[in-house]
Amino acid sequence: RKEVEQDPGPFNVPEGATVAFNCTYSNSASQSFFWYRQDCRKEPKLLMSVYSSGNEDGRFTAQLNRASQYISLLIRDSKLSDSATYLCVVTLPTGGFKTIFGAGTRLFVKA
Amino acid sequence: NAGVTQTPKFRVLKTGQSMTLLCAQDMNHEYMYWYRQDPGMGLRLIHYSVGEGTTAKGEVPDGYNVSRLKKQNFLLGLESAAPSQTSVYFCASSERGGLKQYFGPGTRLTVT
């Protein structure tokens, strides 16, 4: 089992749609959780940190369920510019904080 | 404030050649990382450093060496390149472990 697993994608949605990404992690000792965005042939950039209480940034909402070891990202009112790959990232407090990236889910938003 | 920079951006090597990739950050971050990204596999950690003069192995360290002689620089070396090392290499830094990582623009390496 992979340490961080994401929906395989790709997701193809029309502009204005709501889309949800899911991610599960295998190690219950995981400490920090993030969603990164990666545009084609570019570097990953932090989208949001994820907290148990949930957090929202404009059209983006992230949620963490520690009991189920599950992380989600919800994008409302999708824009063309949201087209990218979304990476789920988990860190473990071992050996310099091991950082594990999911393989990513590709999103295509179409007009 | 340039953030994280990487040189070179592109490189083509022949099997057996060596090269060094340079990563520099101007944010005074303690932690630095080298990743490789291959299609369908996500980013995999090669080596990392938790401070000047320290290095440690990540998930896929074989065939690579690193050095961090100065806090702002993290070098990744390939002593004898192999086609399996064809990949996109990203450097990243963070203030300390477990926090947001800032990535460089990447180096696209092809080994023929």
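Quick caveat, the model's predicted, so the values are computed rather than measured.
- Here the side chains of B/Gln6 and B/Phe90 are in contact, with some heavy-atom distance below 4.5 Å.
- A/Tyr86 pairs in a ring pair (Phe, Tyr, Trp, His ring centres under 6.0 Å) with only one of the listed residues (A/Trp35, A/Phe34, A/Phe21), which is A/Phe21.
- Residues of residues 101-111 of chain A lying under 4.5 angstrom from chain B, judged on non-hydrogen atoms, are A/Phe101, A/Gly102, A/Ala103 by number.
- With a threshold of 4.5 angstrom between heavy atoms, B/Gln37 approaches chain A through side-chain atoms but not through N, CA, C or O.
- Listed by sequence position, the residues of residues 61-81 of chain A in contact with chain B number zero, using a 4.5 angstrom heavy-atom cutoff.
- For B/Glu95, the CD atom sits in a loose shell: 12 or fewer heavy atoms of surrounding residues, nucleotides or ligands are nearer than 6.0 Å.
- Considering only heavy atoms from C-beta on, A/Cys23 comes within 4.5 Å of A/Val4 through its side chain.
- Chosen from A/Gln38, A/Lys42, A/Gln6, the residue pairing most often with chain B at heavy-atom distances under 4.5 Å is A/Gln38.
- Taken to the nearest 0.5 Å, the CZ atom of B/Arg36 stands 8.0 Å off from the OG1 atom of B/Thr86.
- If you check the side chains of B/Glu79 and B/Asn65, you find a donor sitting under 3.5 Å from an acceptor.
- With rounding to the nearest 0.5 Å, the separation of OH in A/Tyr25 from OG1 in A/Thr91 is 10.5 Å.
- Put simply, the side chain of B/Glu52 does not reach to within 4.5 Å of the side chain of B/Gln72, judged on heavy atoms.
- Put simply, CG on A/Leu87 and CD1 on A/Ile100 are 14.0 Å apart, with the number rounded to the nearest 0.5 Å.
- Within a 6.0 Å sphere centred on NZ of B/Lys71, heavy atoms belonging to other residues, nucleotides or ligands number more than 12.
- When the heavy atoms of residues 16-29 of chain B are compared with those of chain A, none of the residues falls under 4.5 Å.
- When each of B/Tyr35, B/Tyr64, B/Trp34 is checked for a side-chain hydrogen bond (donor to acceptor under 3.5 Å, both in side chains) with B/Tyr89, only B/Tyr64 meets the rule.
- The shortest side-chain heavy-atom distance between A/Phe60 and A/Asp82 falls under the 4.5 Å cut-off.
- For the atom pair CG (A/Asp7) and OG1 (A/Thr24), the distance works out to 9.0 Å, reported to the nearest 0.5 Å.
- A 4.5 Å side-chain heavy-atom check between B/Arg44 and B/Asp38 finds at least one atom pair inside the cut-off.
- Residues B/Ser49 and B/Val66 are not in side-chain contact: their nearest non-hydrogen atoms beyond the backbone lie 4.5 Å or more apart.
- Atoms CZ and CD, on A/Arg37 and A/Glu43 in that order, are 11.5 Å from each other to the nearest 0.5 Å.
- Listed by sequence position, B/Phe103, B/Gly104, B/Pro105, B/Arg108 are the residues of residues 102-112 of chain B in contact with chain A, using a 4.5 angstrom heavy-atom cutoff.
- Here the side chain of B/His47 pairs a donor or acceptor atom with the backbone of B/Ala56 at under 3.5 angstrom.
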